[in-house]
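Residue numbers start from 1 in every chain, and the chains themselves are labelled A, B, ... in the order their sequence lines are given, proteins ahead of strands.
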Amino acid sequence: MPIRYFNSYSRQLEDFVPLEEGRVRLYTCGPTVYNFAHIGNFRAYIFEDLLQRHLEFRSFKVHRVMNLTDVDDKTIRGCRAAGIPLAVFTKPFKEAFFEDLKTLRIKPADQYPEATAADHIARMISMISTLEEKGHAYRADDGSVYFRIRSFPAYGRLAHIVLDELQAGVRVRSDEYEKENVGDFALWKAWDEADGDVGWESPWGRGRPGWHIECSAMATGILGPQLDIHCGGEDNIFPHHEAEIAQSECVTGLRFSKYWMHCKHLQVEGTKMAKSAGNFFTLRDLMDKGWSGREVRLALLSVKYREPLNFTMDGLAAARSALARLDEWSARLTETAGSAPPEPVSFPEMDAFGSALDDDLNISAALAAVFELIRETNRLLDGGNLAPGQAKSLADWLTGVHSVLALEPEAASLPAEVQALLGLRAQARASKDWKASDSIRDQIATLGWMVKDTKDGQKAIRL
RNA sequence: GGCGGGGUAGCCAAGUGGUAAGGCAGAGCUCUGCAAAAGCUCUAUGCGUCGGUUCGAUUCCGACCCUCGCCUCCA
């Protein structure tokens, strides 16, 4: 069965066929580094991570680029308020972002271009010049350069917006009278006092790039004029991605991206996430509450990207329990397998996992396949009906699954102190000294490990 | 107002024109010195409401209700 993804552009499921066989050029819109990213941002990044890992699972070579927007209204406002240079203001947020990605086990992109890098600014200026030459851009009275949306007939096709129906919304500044059309967007913003010392010289004077041109310049600059897949959150569809298409295609004359994939927003406890509602979380907020990156990852991963996700504390707790079940199974397989060589096993769920993902990243169905297999093979293990070699094969399969899900347990080595106490406890138990046994168990618990007595002896698990 | 998602068991959530995956929670059982953990088993005559099409609809069509998102720099 071919891989199918839902293309936002056609609004249909389409077979995935990259421009170049076996290779995928993937561009994903990254964060604006004026603050710590919140879990809504991370839902998008985890979806993109799943996409990349799934493609790699299916043997594609993925070249992924994620941009960092480190100059815009908010970053400028932030650095001005703090009275520090822009780069100094954004640096800690960039660092925090990369830490968070690591915590959530999001595979690093191949490149993280920054909007303020000199070569990217140069490319943006060059693209804007080309647009101006071709009549797609014009300079307004305020010195800014705008994209003329009337010059690109396909404008609105991605978002399915009809130009004539575009009305001035509440967020359109009514004083932007210098634009030809209310929908024209800034390619280059002329410097004004609020920008402080943020600005670059250009053919249009000092100023800074518009948001949309950043992505067009960095995407085409690094990946070439045509991308296979461009991703982002659903809110990016309009105007951001619509603008990117217009700018890029007017410069290159080629279709910008073959596929567009957008993930839905999440809600928190059933309502829109908002600071004012008190249900706004950064990853750090959740870590402070004692949740692990792996738990947050599963909670954000477990719902299909095209469905709204209801993020709840119950959901995190459910993720924690589900992971415990998964870990237990994994440990059981490893133990049963011993050093046996793999032996063929065949369960329909093993293929179902990948097939579910092939079907537009149906993660819920993929996880269901994993858990069905867990129950089925646990039954066999309970009855002693799973050969070591078969367990080995299943463990190998699970390794492949984790190359996509990245939910394997943290490697935790047993501290020598706990190891020693376990030895003492084993002796106490051999002589049926239950009091000593229980007391040592409590002692081990204070070190953060839980002792389980199984038919095969003691086992310590990280609390 | 325009465009587009959702509404499936206590919670989260797949899915299909032929009679409901999976996870969590709950109950029972097994194992066990006790405990904990774990494992197994069970749990929706029902899929927002009302109509229609059909031998048969949760799945298709229509209307309505609720909810969420976008409508010019928010993932």
Side-chain angles (χ1 to χ4, degrees), chain A residues 8 11 28-32 37-48 69 72-74 149 156 159-162 165-173 176 179 182-186 189 210-214 231-240 242-243 262-267 270-273 298-299 302-304 306-312 314-326 328-329 331-332 349 352 356 362-372 374-375 378-379 381-383 429 432-435 437-438 441 445 450-455 459 461:
Chain A
S8 306
R11 299 200 180 177
T28 54
C29 282
T32 300
H38 57 70
I39 54 171
N41 301 120
F42 288 118
R43 183 196 191 188
Y45 305 142
I46 286 176
F47 141 65
E48 290 153 0
T69 297
D72 79 321
D73 291 348
K74 282 178 293 221
I149 59 172
H160 292 230
I161 282 176
V162 180
E165 289 173 5
L166 259 187
Q167 292 174 7
V170 288
R171 291 161 72 187
V172 178
R173 275 165 43 198
E176 289 185 350
K179 292 198 288 187
V182 67
D184 289 351
F185 53 88
K189 303 178 95 162
W211 177 39
H212 314 304
I213 196 69
E214 274 179 28
C231 299
E234 58 173 340
D235 57 310
N236 276 159
I237 294 173
F238 193 87
H240 186 51
E242 197 68 65
H262 296 95
C263 79
K264 284 268 183 297
H265 280 188
L266 55 69
Q267 290 179 256
T271 59
K272 182 179 178 173
M273 179 168 73
L298 179 56
S302 56
V303 176
K304 264 198 81 166
R306 283 202 294 126
E307 301 295 332
L309 182 155
N310 186 14
F311 187 86
T312 62
D314 282 354
L316 279 172
R320 175 172 289 178
S321 301
L323 285 169
R325 183 165 162 80
L326 189 58
E328 191 69 30
W329 184 61
R332 229 181 147 182
E349 292 84 0
N362 190 341
I363 186 67
S364 301
L367 288 170
V370 173
F371 283 98
E372 278 179 78
I374 289 177
R375 181 149 33 83
N378 269 335
R379 219 159 21 211
L381 285 163
D382 284 352
R429 293 178 66 71
K432 294 196 188 292
D433 183 352
W434 307 125
K435 201 173 268 183
S437 166
D438 290 353
R441 181 167 67 199
M450 180 183 68
V451 181
K452 304 198 305 185
D453 293 311
T454 72
K455 46 219 157 293
K459 278 185 200 149
I461 290 186

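Salt bridge status for Arg332(A) with Asp382(A): present, with a side-chain N to carboxylate O gap under 4.0 Å.
To the nearest whole angstrom, the two C1' atoms, one in G7(B) and one in A13(B), are 13 Å apart. Nucleotides G15(B) and C55(B) place their P atoms 29 Å apart, quoted to the nearest Å. On the P atoms, U8(B) is 14 Å away from U59(B), given to the nearest whole Å. The same atom, P, is picked in U54(B) and in U45(B); the two are 29 Å apart, to the nearest Å. Here, G62(B) and A57(B) have their C1' atoms 15 Å apart, quoted to the whole Å. Taking the P atom of each, G46(B) and A20(B) are spaced 11 Å apart, rounded to whole Å. Taking the P atoms as reference points, A14(B) lies 16 Å from C60(B), given to the whole Å.
If you check A75(B), G69(B), G22(B) against the side chain of Ala368(A), the one that comes closest is G22(B). Closest to the side chain of Phe371(A), from the set G15(B), A21(B), G22(B), is G22(B).
When Watson-Crick and G-U wobble pairs are counted only if both distances are under 3.5 Å, C64(B) pairs with G48(B).
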Would you list the protein and nucleotides 5-12 of chain B atom pairs, both N or O, that sit under 3.5 Å from each other?
from	atom 1	to	atom 2	distance (Å)
C12(B)	OP1	Asn310(A)	ND2	3.4

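The aromatic ring of His265(A) sits over the base of A75(B), with ring centres less than 5.5 Å apart and planes inclined by under 30°.
For Asp433(A), the side-chain hydrogen bond (donor to acceptor under 3.5 Å, both in side chains) test picks out no residue, with sequence neighbours left out. By the ring-ring contact (aromatic ring centres under 6.0 Å, His included) test, His265(A) pairs with no residue at all, sequence neighbours left out. Listed by chain and residue number, nothing satisfies the side-chain hydrogen bond (donor to acceptor under 3.5 Å, both in side chains) test with Asn236(A) (two or more places apart in sequence, or in another chain). Under the side-chain hydrogen bond (donor to acceptor under 3.5 Å, both in side chains) criterion, Thr312(A) pairs with no residue at all, not counting sequence neighbours.
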query: What string of B, S and - do you get for nucleotides 32-43 of chain B 5' to 3' if you count protein non-hydrogen atoms under 4.0 Å?
result: -BBBBSSSSS--
